[in-house]
Amino acid sequence: MTNNRKITLATAICSTVVVLVLLVVMIINFKRMKQSIQGTIGKSYFTIDELCASDTAKRKGIDNTPTPEIKAKLQALIDNVLDPARREYGSYILVNSGYRSPALNAAVGGVSNSQHLTGEAADITTGSIGNDRKLFAIIVQQGNYDQLIWEKPKNSLWVHVSYSTTGLQRRQILAYNGKTYTNITNNWQTYIA
């Protein structure tokens, strides 16, 4: 075999390897792009701004701007509970209430030890009782929550969920009827049926 033929063969082999490597990179990038579009990699459905928005704060001129520490807790709530629940649920979820400054918490009649004050809680709903049951079950199954409350005062309904950044999650499940809280951790399926 002449040197020219050896060089040509080596060049052909190198070119083939380069093409194969580029093809593998393109396939990997295509899969990642597809997963990103489908919301499985790096997709955030909720925003900190959404968790701080409040009609009551706007109406009453209350500043509801979170501190950097509270923003970090809101992001942890999004990353660990809200976005995973949204991905599993597969459809839009409305935030009724997220972070509340002390003034806003007082204006809406929130309790003084509310996790809304620390950016660790959100009240969410799908807009229907049946779908809220499904969402509630998803969060229970995922298990990464501190407190989960089936809140049904009068004719409205929402799901309160919290995530603690300061320690282990209590995984406490309660029901609230507008007056009292009932621990339903061991019978939540029966209670919300």
Side-chain angles (χ1 to χ4, degrees), residues 32-33 35-127 131-132 134-153 156-176 181 185:
R32 285 184 179 163
M33 181 179 70
Q35 288 172 329
S36 180
I37 289 168
Q38 293 173 338
T40 58
I41 291 181
K43 173 70 174 163
S44 184
Y45 293 99
F46 295 89
T47 66
I48 291 174
D49 287 344
E50 177 181 20
L51 290 171
C52 296
S54 167
D55 290 338
T56 302
K58 285 179 189 172
R59 193 171 54 256
K60 296 191 174 212
I62 298 171
D63 181 12
N64 199 45
T65 306
T67 64
E69 294 81 13
I70 290 173
K71 282 184 180 180
K73 290 179 180 185
L74 288 166
Q75 192 62 55
L77 177 64
I78 290 169
D79 294 342
N80 292 287
V81 182
L82 298 178
D83 276 351
R86 167 59 178 83
R87 271 191 289 280
E88 178 73 20
Y89 176 66
S91 190
Y92 183 77
I93 298 170
L94 175 69
V95 176
N96 289 340
S97 180
Y99 167 66
R100 296 182 200 146
S101 66
L104 178 58
N105 194 57
V108 298
V111 295
S112 61
N113 64 343
S114 172
Q115 285 180 290
H116 287 281
L117 288 162
T118 61
E120 295 178 318
D123 295 335
I124 56 178
T125 185
T126 64
N131 287 332
D132 280 352
K134 179 181 175 183
L135 177 62
F136 197 88
I138 287 168
I139 296 170
V140 171
Q141 289 168 346
Q142 290 180 339
N144 203 15
Y145 60 90
D146 182 53
Q147 195 175 58
L148 186 59
I149 306 174
W150 182 257
E151 297 200 41
K152 194 176 178 191
S156 57
L157 169 72
W158 60 87
V159 175
H160 169 98
V161 64
S162 68
Y163 179 81
S164 176
T165 58
T166 58
L168 295 174
Q169 307 306 316
R170 292 177 288 175
R171 295 185 66 191
Q172 181 182 50
I173 305 174
L174 304 172
Y176 178 67
Y181 289 91
T185 302

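Quick caveat, the model's predicted, so the values are computed rather than measured.
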Asker: Evaluate the side-chain proximity of Ile62 to Val108: yes if any heavy-atom separation is below 4.5 Å, no if none is.
Answerer: no

Asker: Do the non-hydrogen side-chain atoms of Tyr145 and Arg171 ever get within less than 4.5 Å of each other?
Answerer: yes

Asker: Please tabulate, one pair per line, all N/O donor-acceptor pairs under 3.5 Å involving side-chain atoms of residues 49-57, not counting sequence neighbours.
Answerer:
residue: Glu50; atom: OE1; partner: Thr47; partner atom: N; Å: 3.4
residue: Ser54; atom: OG; partner: Thr56; partner atom: N; Å: 3.3
residue: Ser54; atom: OG; partner: Ala57; partner atom: N; Å: 3.0
residue: Thr56; atom: OG1; partner: Arg59; partner atom: NH2; Å: 3.4

Asker: Once rounded to the nearest 0.5 Å, what's the spacing between atom CD1 of Ile138 and atom CD1 of Ile93?
Answerer: 7.5 Å

Asker: Leu135 and Ala85: which non-hydrogen atoms are nearest, and at how many Å?
Answerer: CD1-CB, 4.1 Å

Asker: Taking side chain as C-beta onward, heavy atoms only, is Leu174 less than 4.5 Å from His160?
Answerer: no

Asker: Between Tyr99 and Ile48, is there a side-chain heavy-atom distance shorter than 4.5 Å?
Answerer: no

Asker: Strictly distance-based, threshold 3.5 Å: is any side-chain N or O of Gln169 a donor or acceptor partner for the main-chain N or O of Tyr163?
Answerer: no

Asker: What is the minimum heavy-atom distance between His116 and Ala121, and which atoms define it?
Answerer: ND1-O, 3.5 Å

Asker: Considering non-hydrogen atoms only, spot the tightest contact between Ser114 and Asn105 and give its length.
Answerer: CB-OD1, 4.1 Å

Asker: CD/Glu69 to OG1/Thr165 distance, rounded to the nearest 0.5 angstrom?
Answerer: 10.5 Å

Asker: Among residues at least two apart in sequence or on other chains, which ones pass salt bridge (charged side-chain N to carboxylate O under 4.0 Å, His left out) with Asp83?
Answerer: none

Asker: Between Ile78 and Ser44, is any pair of side-chain heavy atoms under 4.5 Å apart?
Answerer: yes

Asker: Identify the two heavy atoms, one from Lys71 and one from Pro66, that lie closest to each other, and give their separation to 0.1 Å.
Answerer: CG-CG, 3.7 Å

Asker: Looking at CD1 of Ile124 and OG of Ser97, how far apart are the two atoms once the value is rounded to the nearest 0.5 Å?
Answerer: 11.5 Å

Asker: What's the separation between atom CD in Glu120 and atom OG in Ser164, rounded to the nearest 0.5 Å?
Answerer: 5.0 Å

Asker: Is the shortest heavy-atom distance from the side chain of Pro84 to the side chain of Asn144 under 4.5 Å?
Answerer: no

Asker: Going by side chain to side chain contact (heavy atoms under 4.5 Å, CB included), name the residues that satisfy it together with Arg170, two or more places apart in sequence or in a different chain.
Answerer: Gln115, Asp146, Gln147, Gln172

Asker: To the nearest 0.5 Å, what is the distance between CZ on Phe46 and CG on Asp79?
Answerer: 12.0 Å

Asker: Can you measure from CD1 (Ile70) to OG1 (Thr118) and round to the nearest 0.5 angstrom?
Answerer: 7.0 Å

Asker: Would you check if Leu157 and Trp150 make a side-chain contact, meaning some heavy-atom pair closer than 4.5 Å?
Answerer: yes

